[in-house]
Amino acid sequence: MNLRIVRDILLFMLFCIVHVLVLSHIRLLGHATPMLYVYFILLFPRNYPRWALLLWSFAMGLVLDSFANMPGVCAASLTFIGLIKPSVLEMFMQRESAEDLKPSLNSMGTINFLLYVSLLVVVNNALFFMLETFNFYNWLNWLWNVLGCSALTIAIIMVLETVRRK
C-alpha cells in the first residue's frame, strides 16, 4: 500500500513538472495546448475511494493554478473530473470486470478506452475554457480552444497508453 502512495506522489510530481515546464508553453495553431495532467486522474483504479480521488484532483489543480497564476480554473475543472470519473468509468467497463481494474487499453479495449478518455478530456477542457473566459462573447474561439486542446491531449494520451501497453 505504501508503495502505491509513493508511486502516486511521484506521478503527481512528474505530471505537474512536465505540464509547468514543457506543455504549458506549447500553442499549436494558436489554440491547442496539451493538458496531459488529466491523464493522471484517469489512471486511478475502479475501486479507488472517491474522497481520495477528489483530493488528488483538487491538489493537482491547485498546484497547476499556482504555477499558471490562474484563480482556481484548473482546480475547479479537475475536481469536477474527479467527481464524475467513477460514473463515466462504469459506463465503459464491462459488468464482469474486476473491482480493482485500472483503466487502460488492455483492460477496456481500444474503443471503450478512447471513448472514456475523450469524454472526460472534452468535459475538462470545456469547463476549463468556460471558467477561464467566463463568457461566450467569442464562442468560436472558445470552441477552437476546446477542440484543439482536446484533440491534442487525446492523441498524446493514446500514444502514451500504446507505449505503456508494450
With side chain to side chain contact (heavy atoms under 4.5 Å, CB included) as the criterion, how do F128 and C74 come out once you've worked through the C-alpha distance, each side chain's angles and the decisive distance to 0.1 Å? CA-CA 6 Å; F128 177 86; C74 285; 3.5 Å; yes
Check step by step if side chain to side chain contact (heavy atoms under 4.5 Å, CB included) holds for N141 and T133. CA-CA 10 Å; N141 189 33; T133 58; over 6 Å; no
For a side chain to side chain contact (heavy atoms under 4.5 Å, CB included) check, start with the C-alpha distance between L119 and L115, then their side-chain angles and the critical distance, and finish with the verdict. CA-CA 6 Å; L119 180 63; L115 290 172; over 6 Å; no
Using the rule given for side chain to side chain contact (heavy atoms under 4.5 Å, CB included), can you reason through L120 versus I84, listing the C-alpha separation, both sets of side-chain angles and the distance that settles it, and then say yes or no? CA-CA 8 Å; L120 287 176; I84 66 170; 3.7 Å; yes
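Few gaps surround CZ on F44; more than 12 heavy atoms of other groups in view lie less than 6.0 Å from it. Surrounding CD1 of I111 are at most 12 heavy atoms belonging to other residues, nucleotides or ligands under 6.0 Å away.
Checked against ring-ring contact (aromatic ring centres under 6.0 Å, His included), F12 has the following partners two or more places apart in sequence or in another chain: F40, W56.
In the hydrophobic cluster analysis, where Ile, Leu, Val, Met, Phe, Trp and Tyr join through side-chain heavy atoms closer than 4.5 angstrom, L78 is grouped together with M130. No chain of hydrophobic side-chain contacts below 4.5 Å, direct or via other Ile, Leu, Val, Met, Phe, Trp or Tyr residues, connects Y48 to L55. Note on W51 and L53: separate hydrophobic clusters, where clusters join Ile, Leu, Val, Met, Phe, Trp and Tyr whose side-chain heavy atoms are under 4.5 Å apart, directly or indirectly. Note on F58: it does not cluster hydrophobically with M13, by side-chain heavy-atom contacts below 4.5 Å among ILVMFWY residues. Note on W142 and V122: separate hydrophobic clusters, where clusters join Ile, Leu, Val, Met, Phe, Trp and Tyr whose side-chain heavy atoms are under 4.5 Å apart, directly or indirectly.
Side chain of T153 to backbone of M35: a donor-acceptor contact under 3.5 angstrom is found. With hydrogens and angles ignored, the 3.5 Å screen pairs a side-chain donor or acceptor of Y116 with a backbone N or O of L42. Under the 3.5 Å distance criterion, the side-chain polar atoms of D65 are matched with a main-chain donor or acceptor of V73. Although no hydrogens or angles enter the test, the distance criterion places no donor-acceptor pair under 3.5 Å between the side chain of T79 and the main chain of A76.
With contacts defined as side-chain heavy-atom distances shorter than 4.5 Å, the pair R50/S87 qualifies. Taking 4.5 Å as the limit, every side-chain heavy atom of K102 sits out of range of all side-chain heavy atoms of S107. Between N125 and N145 the shortest side-chain heavy-atom distance does not fall below 4.5 Å. The shortest distance between side-chain heavy atoms of L64 and V20 falls below 4.5 Å. In this structure the side chain of C149 reaches within 4.5 angstrom of the side chain of F129, judged on heavy atoms.
We find the CG-CE distance between L89 and M108 to be 5.5 Å, quoted to the nearest 0.5 Å. A distance of 15.5 Å separates OH of Y37 from CG of L14, quoted to the nearest 0.5 Å. Rounded to the nearest 0.5 Å, atoms CG (L54) and CD1 (I81) are 11.5 Å apart. Within the model, atoms OG of S57 and CG of L62 stand 12.0 Å from one another, a figure rounded to the nearest 0.5 Å. From L127, atom CG reaches atom CZ of F80 across 6.5 Å, with rounding to the nearest 0.5 Å. For the atom pair CD1 (I5) and CG (L10), the distance works out to 12.0 Å, reported to the nearest 0.5 Å.
Between A126 and V146, the shortest heavy-atom contact is CA-CG2, 3.7 Å.
Sorted by first then second residue, the salt bridge (Lys or Arg N to Asp or Glu O under 4.0 Å) pairs that include residues 82-92, not counting sequence neighbours, are R46-E90.
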